Amino acid sequence: METIVKGMDGIEEAATIIQRGGLVAFPTETVYGLGGNALDPDASRKIYAAKGRPSDNPLIVHVSCIEEVEPLVSAFPKEARLLMETFWPGPLTIILPKAEIVPHETTGGLDTVALRCPENRLTLRFIKASGVPIAGPSANTSGKPSPTEAEHVLHDLSGKIDMILDDGPVGIGVESTIIDLSGDTPTLLRPGAVTLEELSETLGREVVVDPAIIAGGVSEGVHPKAPGMKYRHYAPNAKMALVTTKLLKDKDYVVTEEERRIADEKVAACIRTMVEEDIAKGLRVGVICCAETVARYQAKVHGSDVDIRVIGSRQKPLSMTHELFRILREFDMDGVDQIYAESYSDRGVGFALMNRMRKAAGMTELLAD
Ligand code: AMP
Ligand code: MG
């Protein structure tokens with residue numbers, strides 16, 4: 001049975017577990033990770049087994065400072081160092097060619113390695129104390145929404161790991177941004193809280209978006225460079241439908257106040273109709289809306305079988321990423337059959353939010369008009 005320790009008290013024990021080849025779930029600013037010694041092939045195998053994760057889906061290697069990167073890579077381009085200096089510790093994972101000592105078990109058979117220095121006091125101390133880099137995918141059962149609280153880790157992995165370091169709910173709530181710097185063209189493999197705009201501004205050149213992000217990695221002929229992006233991810237048990245309008249999509253959500261008001265009402269009316277039809281069929285329904293639109297649902301949808309959740313304010317996409325996975329998990333716990341959610345802008349952090357919401361919705365979006 002795993003122990004759960006709050007605060008700094010568990011760090012020494014956690015480090016000992018890692019050195020003995022065991023698994024420790026740890027907090028980060030994005031989601032909880034499931035850690036093992038990244039240089040130990042057996043520890044990596046254990047991580048895949050605990051998560052039920054396909055072994056071709058590589059793990060992210062966590063370090064506590066930039067100096068710890070050097071021995072893990074066979075090339076260390078200036079641009080990688082620049083991004084590390086700018087964004088670390090923080091929600092950015094950088095792919096570089098791997099050094100020999102990083103086993104293929106950790107990199108899913110690839111000759112590259114994903115590196116990240118998370119911004120969490122406890123975890124930085126834990127990595128340092130372990131004395132080895134920590135391989136850490138998200139600490140959820142493969143295919144489920146990533147864990148944003150220690151409680152979620154326990155729900156998915158109880159009995160399969162040795163310890164959970166608990167630092168309360170995470171801040172950001174969606175996984176790190178991944179940029180590939182192992183080739184000539186910097187490529188975004190997964191959107192996160194470090195935005196595409198910030199990356200290209202820092203590098204002073206264009207960062208290409210891996211087509212698999214847009215296609216969701218599920219279309220024929222599109223092969224995602226981050227193997228993890230091809231799996232059905234972040235998925236609740238319920239079916240989920242995302243709803244938007246033609247105009248919002250065409251204008252990437254940059255519309256006048258009047259256009260916005262009309263679009264909000266179209267989306268809400270469409271969702272209300274579908275909710276009522278589902279309730280009549282005896283289904284349990286969840287609605288995800290924002291602070292700006294909640295009144296369009298609350299007063300107008302009735303019944304005990306509908307659960308209306310405010311994901312945050314659309315003025316603050318980070319308030320929304322913070323809530324998404326928790327809401328999806330709670331819908332699952334409540335036995336919700338069908339979720340309807342509003343779509344939001346892809347700008348800035350919105351790109352990460354919408355990427356996770358689209359994945360949960362099987363990459364389809366409905367038009368309300
Ligand atoms: P997770 O641990 O759930 O955050 O998933 C890690 C993500 O990083 C997955 O989508 C992996 O496919 C991706 N990843 C890890 N290492 C590499 C790599 N060397 N090249 C490309 N993607 C990687
Ligand atoms: Mg994951």
Side-chain angles (χ1 to χ4, degrees), residues 23 25-36 38 43-44 47-48 50-63 69 72-75 80 91-99 102-118 123 133-148 152-153 156-157 170 172-183 185-194 208-213 216-218 223-235 321 324-325 328-329 352 355-356 359-360:
L23 303 185
F26 59 94
T28 78
E29 76 281 43
T30 59
V31 300
Y32 274 77
L34 176 57
S44 290
I47 292 176
Y48 288 109
K51 278 180 64 85
R53 177 168 172 133
S55 61
D56 68 342
N57 187 1
L59 310 176
I60 292 175
V61 175
H62 294 74
V63 295
V69 169
L72 306 176
V73 297
S74 62
L92 178 67
T93 297
I94 301 174
I95 312 277
L96 292 176
K98 80 172 191 73
V102 183
H104 279 123
E105 282 77 2
T106 299
T107 65
L110 298 174
D111 290 325
T112 51
V113 58
L115 297 152
R116 167 160 133 79
C117 178
T123 288
I134 304 290
S138 49
N140 53 307
T141 299
S142 191
K144 289 286 143 207
S146 293
T148 56
H152 301 164
V153 180
D156 281 16
L157 300 178
V170 301
I172 293 170
V174 295
E175 306 84 347
S176 59
T177 305
I178 304 181
I179 186 169
D180 185 355
L181 291 181
S182 67
T185 315
T187 308
L188 185 81
L189 305 190
R190 179 170 76 185
V194 171
V208 171
V209 176
D210 186 9
I213 294 178
V218 288
H223 301 286
K225 281 207 188 136
M229 297 296 277
K230 75 175 176 257
Y231 297 105
R232 183 169 183 263
H233 241 194
Y234 323 117
T321 54
L324 177 65
F325 289 150
L328 294 181
R329 277 182 179 262
N355 172 258
R356 305 317 190 270
K359 285 198 153 237

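Given the structure is predicted, the values throughout are model-derived calculations rather than measurements. Atoms within a ligand are numbered from 1 in the order they appear, just like the ligands themselves.
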Region of [X] that comes within reach of ligand 1 [heavy atoms, distance under 4.0 Å]:
X: L110; result: side chain
X: N57; result: side chain
X: D180; result: neither
X: R53; result: side chain
X: T93; result: neither
X: R190; result: side chain

Tell me which one of A114, P54, P137 gets a heavy atom nearest to atom 16 (N) of ligand 1. A114

Selected option - heavy-atom contact closest to atom 19 (N) of ligand 1, from V102, T112, N140, V174: T112

Ligand 1 N/O within reach of E175 N/O, cut-off under 3.5 Å: no

What about S138: any of its N or O atoms under 3.5 Å from an N or O on ligand 1? yes

Between ligand 1 and I60, can you find any atom pair, the residue atom being a heavy atom, that is separated by under 4.0 Å? yes

From [X] [atom1] over to [Y] [atom2], what is the distance, rounded to the nearest 0.5 angstrom?
X: I213; Y: L189; atom1: CD1; atom2: CG; result: 6.5 Å
X: T107; Y: I95; atom1: OG1; atom2: CD1; result: 10.0 Å
X: L115; Y: S176; atom1: CG; atom2: OG; result: 11.0 Å

Less than 6.0 Å separating the ring centroids of F325 and H152? no

Short check: any N/O/S atom of S138 below 2.8 Å from the Mg ion (ligand 2)? yes

Pick from N140, D156, T148: which one makes a side-chain hydrogen bond (donor to acceptor under 3.5 Å, both in side chains) with R329? D156

Does the side chain of L59 come within less than 4.5 Å of P137's, by heavy atoms? yes

So, are D180 and R190 salt-bridged, with charged N and O less than 4.0 Å apart? no

Any donor-acceptor pair under 3.5 Å linking the side-chain atoms of T123 with those of T28? no

Do T30 and R116 have side-chain N/O donor and acceptor atoms under 3.5 Å apart? yes

Counting from 1 in the order shown, the ligand 1 atoms closer than 4.0 Å to a non-hydrogen atom of I178 are 7 (C), 8 (O), 13 (C)

